[in-house]
Amino acid sequence: MSDHDTIHDSVKTIMQNLPDGVRLLAAAKTRTPDEVKAAVDAGIQIIGYNYVQEAEQMYQIIGNRVQWHMIGHLQRNKAKKAVRLFDMIETIDSVRLAKTVDRRCAEIGKVMPVLIEINSGREENKAGVLPEQVDMVIEQIRGLSNIRIQGLMTMGPLTGDPEDARPYFQVTTEIFNRLKQAEIPQVKMRYLSMGMSNSYLVAIEEGANLVRIGTRLFGERQR
Ligand SMILES: *Cc1c(COP(=O)(O)O)cnc(C)c1O
């Protein structure tokens, strides 16, 4: 089988087995245009990138027949480009970044759906808002006119065993449910983005409705 067929089959198989209401994002870092095209041909509707420039290059080729999500840490000096390109920024991790995204969106008359990234593993060198700081961050940014808070995203510590990720998904789901029930003005808790290739089934069990998968769709990364 060609790479194209392999990717096509992987996308189909994973999509067919997702429960209703769970959306699949293809994490496409380092993949070639042919690989990404194969995924889109097979039905991928959301592509995620960690870097603005890499996303821009692929956008030239794939265009807007899919949605584009920023899933990596966004540097504020890249926000201007990012808001033109992306349909959602999943990685808002500070009030400062939210304000920059808001301002850059205002300049082009766009309202950006965003997720708050939670540092559910409380890892020192990891991006994301600590669980106890989420309410404060939301309070400070929910009034911004050009972003819309639509949910939460988390990575969790990377380990070999998917079960190790479960507590971190649980922490994030608890916050998600609590915020949803609180019905905070301007905040719509719709998306809970958790789980990667090795952990997405656990993430779905714990309530994820957006999973970000790379390796299981495209194969091991070479670069
Ligand atoms: C690469 C990446 C993924 C997917 O990782 P795989 O293990 O290849 O499925 C998910 N989320 C983020 C933020 C990533 O950078």
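Both ligands and their constituent atoms are indexed starting at 1 by order of listing. This one's a predicted model, so the numbers in the text were calculated from it and none came from an experiment.
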Would you check if there is a donor-acceptor pair between the side chains of His73 and Asp93 at a distance under 3.5 Å?
yes
Of the backbone atoms (N, CA, C, O) and the side-chain heavy atoms from C-beta on, which set of Ser197 has a member under 4.0 Å from an atom of ligand 1: side chain, backbone, both, or neither?
both
Closest protein heavy atom to atom 14 (C) of ligand 1, given as residue, atom name and distance to 0.1 Å
Lys29 NZ, 3.0 Å
Nearest non-hydrogen protein atom, atom 5 (O) of ligand 1
Met196 CE, 3.2 Å
Hey, does the side chain of Ser199 reach the backbone of Ala165 with a donor-acceptor pair shorter than 3.5 angstrom?
no
Within the supplied structure, the quantity of interest is the number of heavy atoms (other residues, nucleotides, ligands) at a distance under 6.0 Å from Glu132 CD; does it exceed 12?
yes
Note: Arg221, heavy atoms under 4.0 Å from ligand 1, region reported as side chain
Counting only heavy atoms not in Arg190 (residues, nucleotides, ligands), do more than 12 fall under 6.0 Å from its CZ?
no
protein heavy-atom neighbour closest to atom 8 (O) of ligand 1 works out as Thr215 OG1, 2.6 Å
Do Arg212 and Ser193 meet the criterion of a side-chain donor-acceptor pair at a distance under 3.5 Å?
yes
Counting heavy atoms under 4.0 Å, the part of Asn50 that contacts ligand 1 is side chain
Among all the protein's non-hydrogen atoms, which is closest to atom 12 (C) of ligand 1, and how far away is it?
Ile71 CD1, 3.6 Å
Stepwise salt bridge (Lys or Arg N to Asp or Glu O under 4.0 Å) check, Glu206 with Arg166:
CA-CA 7 Å; Glu206 296 302 335; Arg166 192 182 292 277; 2.7 Å; yes
Protein contact to atom 11 (N) of ligand 1 [nearest heavy atom, distance to 0.1 Å]
Arg212 NE, 2.9 Å
Could you list which atoms of ligand 1 come closer than 4.0 Å to a heavy atom of Ala27?
2 (C), 3 (C), 4 (C)
So, does Met155 sit close enough to ligand 1 that a heavy atom of it is under 4.0 Å from the ligand?
yes
Out of all atoms in ligand 1, which are within 4.0 Å of some heavy atom of Ile213? Include the element for each.
9 (O)
Close approach of Glu90 to ligand 1, heavy atoms, under 4.0 angstrom:
no
